[in-house]
S.K.: 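Below: one structure in structure tokens.
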Amino acid sequence: MADVIDITPENKGKTEIFTALSEPQLLHYFEPEGGLFVAESPKVIERALNGGYEPYAMLMEHKDIDGQMRDILARCGDVPVYTGEFDEITELTGFKLIRGALCAFRRRELPTVSDICGNARRVAVLENVVNPTNVGAIFRSAAALNMDAVLLTPACSDPLYRRSSRVSMGTVFQIPWTYLDSDRDYPQQLRELGFKTAAMALSDDSVSIDAPELAAEKKLAIVLGTEGEGLADKTVADCDYTVKIPMSHEVDSLNVAAASAVAFWQLGR
């Protein structure tokens, strides 16, 4: 049963994991062991639990204990639950709890690239996508539109950051993902795992996204680049295909999250 604790001036320091610590500080909270991440809203918290993540502590209003969080709390054992009325929480912590509840979860070891690609047919690859909102939106599209896994270069924003997991609606806990090695040529690494690689890039030397040869590939990695510059020239050169989304009205590009949805729908079928 959850350990419900009313927030007071004396114990409000216990809530700093929700109100004061940055995402990088949470990442290294138990260093050298794995850290924490914070999930926001009942839906995201539920999907993290469904994904097997271990809750560490919660923050919520009194009314939600027997309300929208009741069934979730029943799954969390004796995890500490810091609580109060909305105005009390805001006054004591300086944090406005506007999405129902927060839950800090323990991070766990990520799988290897080969682990999650072994039985995959379609994977998404994110190169240096740094905006957590875009990362979350891409994960939601990947989960909905037939991607089997997501791979990220080390410079990408962490999918478990609060904004990413919230924007993804918790799909970061449903679709397998991991980071690529920083010291490896990842198109070649994917090629060794049996994938052809498709670089999404604005290039005249490209094939259309509806080209039949793309649909015919048994294993395809769809590679998306950073928000500003897109994919690195070397990445485009190293991929098997360069793929372009046809556009109208003289629009030259889409936001990477929007482009991902188009690519996953067409190439994931």
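Please read these numbers as outputs of a predicted model, since none were measured by experiment.
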S.K.: Could you tell me whether the side chain of Q174 and the main chain of R47 form a donor-acceptor pair under 3.5 Å?
M.R.: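 No.
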S.K.: How close do A142 and V150 get, counting heavy atoms only, and between which atoms?
M.R.: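 Closest approach of A142 to V150: CB-CG2, 3.9 Å.
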S.K.: What is the minimum heavy-atom distance between A120 and K219, and which atoms define it?
M.R.: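 In this case the closest contact between A120 and K219 is O-CE, 3.0 Å.
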S.K.: Classify the ring geometry of F173 against F105: parallel below 30°, tilted from 30° to 60°, perpendicular beyond 60°.
M.R.: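 Aromatic pair F173/F105 classed tilted.
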S.K.: Measure the spacing between CG of D78 and CG of D3 and express it to the nearest 0.5 Å.
M.R.: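 Here the interatomic distance stands at 7.0 Å.
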S.K.: Do E213 and Y241 pass the side chain to side chain donor-acceptor pair (under 3.5 Å) test, and can you show the C-alpha distance, the side-chain angles, and the key distance before you say yes or no?
M.R.: CA-CA 10 Å; E213 58 264 37; Y241 297 99; 5.9 Å; no
S.K.: Answer yes or no: is there a donor N or O on one side and an acceptor on the other, between the side chain of S168 and the main chain of T171, under 3.5 Å?
M.R.: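 Looks like yes, one N/O pair under 3.5 Å.
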S.K.: Output the distance between atom CG (L59) and atom CD1 (I5), rounded to the nearest 0.5 Å.
M.R.: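 So the CG of L59 and the CD1 of I5 are separated by 11.0 Å.
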S.K.: Give a yes or no on whether F195 and V243 share a hydrophobic cluster (residues Ile, Leu, Val, Met, Phe, Trp, Tyr; joining criterion: side-chain heavy atoms under 4.5 Å apart).
M.R.: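 Result: no, two separate clusters.
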S.K.: So, F18 versus Y82, ring centres under 6.0 angstrom or not?
M.R.: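 Centroid separation for F18 and Y82: 6.0 Å or greater.
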S.K.: Test of understanding: clusters of I, L, V, M, F, W, Y form through side-chain heavy atoms closer than 4.5 Å, transitively. Do V223 and M147 belong to the same one?
M.R.: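 They do not share one cluster, since no chain of ILVMFWY contacts under 4.5 Å joins V223 to M147.
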S.K.: I want to check something: taking the side chain as every heavy atom from C-beta on, are R122 and N146 in contact at a cut-off of under 4.5 Å?
M.R.: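 Sidechains of N146 and R122: no contact.
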S.K.: Do V113 and R184 touch side chain to side chain, with heavy atoms closer than 4.5 Å?
M.R.: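 They are not in contact (no side-chain heavy atoms under 4.5 Å apart), so the answer is no.
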S.K.: Measuring from S260:OG to F139:CZ, what's the distance to the nearest 0.5 Å?
M.R.: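 Spacing of OG (S260) from CZ (F139) equals 11.0 Å.
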S.K.: Would you check if the side chain of T178 reaches a backbone N or O of L110 as a donor-acceptor pair within less than 3.5 Å?
M.R.: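 It does not hold such a pair.
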S.K.: Check whether any side-chain heavy atom of V125 sits under 4.5 Å from a side-chain heavy atom of Y186, and report yes or no.
M.R.: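 Yes, at least one pair of side-chain atoms sits under 4.5 Å.
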S.K.: Please find the pair of heavy atoms, one from A257 and one from N134, that lie closest to each other, and give the distance.
M.R.: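 Residues A257 and N134, closest heavy atoms: CB-OD1, 3.9 Å.
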S.K.: How long is the straight-line distance from CG of L49 back to CZ of R75, given to the nearest 0.5 Å?
M.R.: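 Result: 4.5 Å between the selected atoms.
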S.K.: Using the rule that two of Ile, Leu, Val, Met, Phe, Trp, Tyr join whenever any of their side-chain heavy atoms come within less than 4.5 Å, decide whether V256 and W265 are in one cluster.
M.R.: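 V256 and W265: one cluster.
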S.K.: Heavy atoms only: give me the nearest P132-S164 pair and the separation to one decimal.
M.R.: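 Heavy atoms only, the tightest pair is O-OG, 2.9 Å.
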S.K.: Are L190 and I175 connected, step by step, through hydrophobic side chains (Ile, Leu, Val, Met, Phe, Trp, Tyr) whose heavy atoms are closer than 4.5 Å?
M.R.: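 They do not share one cluster, since no chain of ILVMFWY contacts under 4.5 Å joins L190 to I175.
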S.K.: Run the salt bridge (Lys or Arg N to Asp or Glu O under 4.0 Å) test against D158 and tell me which residues pass, sequence neighbours left out.
M.R.: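 By the salt bridge (Lys or Arg N to Asp or Glu O under 4.0 Å) rule, D158 matches R107.
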S.K.: Looking at N128, is its backbone amide N or carbonyl O close enough to the side chain of T226 to form a donor-acceptor pair, meaning the two atoms are under 3.5 Å apart?
M.R.: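 Here the side-chain-to-backbone pair exists.
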S.K.: Pick out which of V4, I7, D64 makes a side chain to side chain contact (heavy atoms under 4.5 Å, CB included) with T83.
M.R.: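 The passing option is V4.
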S.K.: The test is side chain to side chain donor-acceptor pair (under 3.5 Å); show your working for S22 and Q25 and say whether it passes.
M.R.: CA-CA 5 Å; S22 67; Q25 287 174 315; 3.3 Å; yes
S.K.: Under the 3.5 angstrom rule, does the side chain of T15 hit a backbone N or O of K12 as a donor-acceptor pair?
M.R.: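 Judged by distance alone, yes, a pair lies under 3.5 Å.
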S.K.: Start with the C-alpha gap between I209 and M200, add the side-chain angles, then the distance that decides, and say whether side chain to side chain contact (heavy atoms under 4.5 Å, CB included) holds.
M.R.: CA-CA 9 Å; I209 195 170; M200 303 300 300; 4.1 Å; yes
S.K.: Would you check, one step at a time, whether the test side chain to side chain contact (heavy atoms under 4.5 Å, CB included) holds for V44 with R162?
M.R.: CA-CA 10 Å; V44 177; R162 188 186 303 183; over 6 Å; no
S.K.: Given S208 and D210, is the side chain to side chain donor-acceptor pair (under 3.5 Å) satisfied, shown in steps?
M.R.: CA-CA 5 Å; S208 177; D210 59 358; 2.6 Å; yes
S.K.: Could you pull out the closest heavy-atom pair between G100 and Q68, with the gap in Å?
M.R.: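 Nearest heavy atoms, G100 then Q68: CA-NE2, 3.6 Å.
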S.K.: Between L152 and V129, is there a side-chain heavy-atom distance shorter than 4.5 Å?
M.R.: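 The answer is no, as the side chains (C-beta and beyond) never meet within the 4.5 Å cut-off.
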S.K.: For the residue pair I222 and V123, establish whether any side-chain heavy-atom pair is separated by less than 4.5 Å.
M.R.: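 A side-chain contact is absent here, since even the closest heavy-atom pair is not under 4.5 Å.
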S.K.: Please walk me through it: do E23 and R163 pass side chain to side chain contact (heavy atoms under 4.5 Å, CB included)?
M.R.: CA-CA 10 Å; E23 304 272 18; R163 181 179 293 275; 6.0 Å; no
S.K.: Kindly write out the residues that satisfy side chain to side chain donor-acceptor pair (under 3.5 Å) with E88, not counting sequence neighbours, or none if the list is empty.
M.R.: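 Listed in chain order: nothing, the list is empty.
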S.K.: Quick one: do R108 and E54 satisfy side chain to side chain contact (heavy atoms under 4.5 Å, CB included)? Show the steps, please.
M.R.: CA-CA 9 Å; R108 62 190 191 195; E54 178 187 353; over 6 Å; no
S.K.: For the CD atom on E91, are there more than 12 heavy atoms of other groups (residues, nucleotides or ligands in this structure) within a distance under 6.0 Å?
M.R.: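 Incorrect, the count does not exceed 12.
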S.K.: Is there a side-chain contact between L36 and R106 in this structure, where contact means two heavy atoms from C-beta onward sitting under 4.5 Å apart?
M.R.: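 They are in contact (side-chain heavy atoms under 4.5 Å apart), so the answer is yes.
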S.K.: Within the supplied structure, the quantity of interest is the number of heavy atoms (other residues, nucleotides, ligands) at a distance under 6.0 Å from E192 CD; does it exceed 12?
M.R.: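 Above 12, so yes.
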S.K.: Calculate, to the nearest 0.5 Å, the distance between atoms CG and CG belonging to L126 and L231 respectively.
M.R.: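 Going from the CG atom of L126 to the CG atom of L231 covers 10.0 Å.
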S.K.: Taking all non-hydrogen atoms of both residues into account, name the closest pair between Y179 and S157 and its distance.
M.R.: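 Distance-wise, the nearest heavy atoms are OH-O, 4.0 Å.
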S.K.: Working to the nearest 0.5 Å, report the span between OG1 of T197 and CZ of R191.
M.R.: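 Answer for the OG1-CZ pair, T197 versus R191, is 5.0 Å.
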S.K.: Backbone N or O of N131 within a donor-acceptor pair of the E227 side chain at under 3.5 Å?
M.R.: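 Yes.
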S.K.: Do I116 and L151 have side-chain heavy atoms sitting under 4.5 Å apart?
M.R.: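 Touching, per the 4.5 Å side-chain cut-off.
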S.K.: Would you call P24 and Y161 a side-chain contact if the rule is heavy atoms closer than 4.5 Å?
M.R.: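 Answer yes - side chains close enough.
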S.K.: Check for me, please, whether L267 and L254 land in the same ILVMFWY cluster - side-chain distances under 4.5 Å, paths through other members count.
M.R.: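 Yes, L267 and L254 fall within the same hydrophobic cluster.
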